[in-house]
There are 2 protein chains.
Amino acid sequence: MSRERPRIGDVARIAGVSTATVSRALSNPALVSAETRAAVMDAVEATGYRLNQAARNLRHRRTGAIVALVPNLANPFFSQILSGIASVLGPAGYNLLIVDTWTAGADRLRDCAEPSLADGLIVLDGTLPAEIVTGRLPVVEACEWINGLAAPRVKIDNRAAAGLAIDHLVDLGHRRIGHVAGPPESVLSVARLAGVRDRLAMRGLSLAEDALYAGDFSLDSGRRAALSWIAQPADLRPTGLFLASDAMACGFMAEVQRHGIRVPEQVSIIGFDDIELVSHVSPPLTTIRQPRTALGRMAAERLLHQLGGAEEAESDTILPVELVIRSSATVFAG
Amino acid sequence: MSRERPRIGDVARIAGVSTATVSRALSNPALVSAETRAAVMDAVEATGYRLNQAARNLRHRRTGAIVALVPNLANPFFSQILSGIASVLGPAGYNLLIVDTWTAGADRLRDCAEPSLADGLIVLDGTLPAEIVTGRLPVVEACEWINGLAAPRVKIDNRAAAGLAIDHLVDLGHRRIGHVAGPPESVLSVARLAGVRDRLAMRGLSLAEDALYAGDFSLDSGRRAALSWIAQPADLRPTGLFLASDAMACGFMAEVQRHGIRVPEQVSIIGFDDIELVSHVSPPLTTIRQPRTALGRMAAERLLHQLGGAEEAESDTILPVELVIRSSATVFAG
DNA sequence: CTGAAAGCGCTTACAG
DNA sequence: CTGAAAGCGCTTACAG
């Protein structure tokens, strides 16, 4: 353990060649003769030599790493996305560096877009200031995006996805339809809310002012929305609600149930994301499924594409969503 | 963007000093005079110079990175642990490199323990061969551990934790108690199963052969265990079950409910982990809570301690667990 | 096919 | 307090 690590010079001495030759034998074997190659390999074996990646990277002016900027790593929503990212980056020989934008300070965030830290950036947090990320490293935005940041985006059509939920509620006969929105600073919230209004209008309905509840994607904010809803006159409040996250939908559902209200008999609920376990709450949640692994994979692929030198068109990649019909929303029995 | 990044030499020229002085002004300002420092800072400002971390690291023979080896990044169980790790590593100036041991090949795994890649290692996967990780970098094991790998461990007492669940079932009056185990290759499964047997024995009971169900921690394996349980004669099968993961408990519960069996009236269920949302399944799951964020934080802290040069005692850090009583287990009404 | 030498961008004893 | 020089461990034109 304390024995000094052999360097390329040690291998060279033992093999009786120059360090240049060792380097070539290792990284581009075709360049050296078969005998030399064999001698070098023997010396590598004998010394237990392993290439120092950091030194090679310095020489190559690259880092071999990609950083993913994720808001709140504790949120399990991101684990599948990261998994998708890792599954393409790993085989491509890139290391994945993860930075939690919630716990990282501003200094640390600025350091993230440094070419000496990483070769590229995957941004999963739409609330970051564009300057932090602009013009320093190849970037792709995934799921969320930063207004004013011109970078390829891999995302779903949040507006249309919200429309799917609204259509389902309307199709089920609901006329008073409510929406629990995400935090207003999130581009996702904005897009989904717009989708709600759009689709309601298309169906000849509209979002009543008191049928729009504030939330922040968290379970607890779903609870609070439920309390607002419960406080409204039973004959005037929405009979069907679309919530901008599954977590809020679960919180909402648990809270109304605690108050003796039955789901879906007395109120229909649709969530968003189709996170793990949501098929096992009671009743199983009807929701909009996002292809999270695919979002991660695709984001990583587009980034690699840029790194490969391709002049990336700055077009968006839109991945399909799906309405997953389970039991939390049913026909309006008014 | 295409403008060359300024190097320390550019700053030196503009400030009219040597590169050595620039380096000192930047990394150890006390070493240079106030005027010189000011001149350097001005030049830094003028050029937009930013330190190349990779070069500094090469010189310092360190990397500034810690790698976390996680099995299956898609499993949300790990997100909170990673969050805990990130929250201490970030402020300490370390980057967090994440490697999914399930998608990474053997070569890649071997590269992970390279001093040229990282300064330390946090192992979250107990199924890795010890050799991969032995004697190359400072290591700490978190949650799981590798038999035969002598490294500080941060974990819970899985055996005692399982005992807590068994005690609860026995206290509720159950006598035929079953266990759905995790995969046999996991040290966690082994420890929890041992805890089940121990505690049953202490309470004058034992684990019947046909009351032990095979699982792999996944939701689906919980389902399959439920099918086995359902197939047993109703008057002989366990009335209370402890499952080695919440995911399995949810799968089990959903499956028996689908067969018209009521939880907890007809069968009591206890899970393990207290993952998100498990308080919102129906009925809310009684389970053993692991302090996941704290596990991550503590693992990172012990690793930093080692990196700080402290000759780390190889003792284990045992974090406390907690029985969270909700509604999925109730008194035996035989 | 191979070697000597310069260089990736820093830091740090060593002198002064 | 400051500079010249060596060096972290590689790679790669340039010659031969």
Exercise for the section: Could you please name the option among C:dC1, C:dT12, D:dT2 that lies closest to any side-chain atom of B:H60? Expected result: C:dT12
Problem - Length of the CD-C1' vector between B:Q53 and C:dG9, whole Å - result: 12 Å
Fill in the blank from the handout: Tested for side chain to side chain donor-acceptor pair (under 3.5 Å) against A:E141, the lone hit among A:R153, A:K155, A:R302 is A:R153
Practice task
Answer yes or no: is there a donor N or O on one side and an acceptor on the other, between the side chain of A:D100 and the main chain of A:N72, under 3.5 Å?
Solution key: yes
Completion exercise
Between CD1 of A:I8 and C1' of D:dG9 the distance, given in whole Å, is 8 Å
Exercise for the section: Write down the atom of A:R56, the atom of A:S27, and the distance for their closest heavy-atom approach. Expected result: NH2-CB, 3.3 Å
Problem - C:dT11 to C:dA15 separation - P atoms, rounded to the nearest Å - result: 22 Å
Practice task
Using atom CG of A:N28 as one end and atom C1' of D:dC10 as the other, report the distance to the nearest whole Å.
Solution key: 15 Å
Exercise for the section: Using only side-chain N and O atoms of B:T36, determine if any of them is under 4.0 Å from OP1 or OP2 of D:dC1. Expected result: no
Exercise for the section: Give the nucleotide from the list C:dT11, C:dC1, D:dT11 with an atom nearest to the side chain of B:R56. Expected result: C:dT11
Fill in the blank from the handout: Symbol by symbol from the 5' end, with Watson-Crick or G-U pairs under 3.5 Å, [ ] crossing and | another strand, DNA chain C is |||.||||||||.|||
List the atom pairs, with distances to 0.1 Å, where a side-chain N or O of residues 76-83 of chain B and a protein N or O form a donor-acceptor pair under 3.5 Å, not counting sequence neighbours.
from	atom 1	to	atom 2	distance (Å)
B:S79	OG	B:P76	O	2.6

Exercise for the section: Give a yes-or-no answer on whether the side chains of B:D119 and B:T63 include a donor-acceptor pair shorter than 3.5 Å. Expected result: yes
Problem - A:Y49 OH - D:dG9 C1' separation (whole Å) - result: 7 Å
Practice task
Give a yes or no on whether the backbone of A:Q53 and the side-chain of B:S116 come within a donor-acceptor separation of less than 3.5 Å.
Solution key: yes
Problem - Interatomic distance where CG belongs to B:L26 and P belongs to C:dT11 [whole Å] - result: 8 Å
Handout entry: Main-chain N/O of B:G9 paired to B:T19 side chain as donor or acceptor, under 3.5 Å
Key = no
Handout entry: Base of C:dG3 paired with side chain of A:R24 (donor-acceptor, under 3.5 Å)
Key = yes
Fill in the blank from the handout: note: B:R61, atom CZ; C:dT12, atom P; distance rounded to Å ~ 12 Å
Exercise for the section: Determine: side-chain N/O of A:S33 to OP1/OP2 of C:dT2, distance under 4.0 Å, yes or no. Expected result: yes
Completion exercise
Walking DNA chain C from its 5' end, the first of B:A55 and B:A20 to be reached, judged by nearest nucleotide, is B:A55
Practice task
For the pair B:D10 and B:R13, evaluate salt bridge (charged side-chain N to carboxylate O under 4.0 Å, His left out) and give the outcome as yes or no after the intermediate values.
Solution key: CA-CA 5 Å; B:D10 300 317; B:R13 194 175 329 107; 3.1 Å; yes
Handout entry: Atom-pair distance (CG on B:N52; P on D:dC8), nearest Å
Key = 18 Å
Practice task
Round to the nearest Å and state the distance from A:L31 atom CG to D:dA13 atom C1'.
Solution key: 12 Å
Handout entry: Phosphate-side-chain proximity, B:T21 and D:dG3, N/O vs OP1/OP2 below 4.0 Å
Key = yes
Completion exercise
Judged by nearest nucleotide, the residue sitting upstream toward the 5' end of DNA chain D, B:S18 or B:L58, is B:S18
Handout entry: B:R59 (side chain) and D:dG7 (base): donor-acceptor pair under 3.5 Å
Key = yes
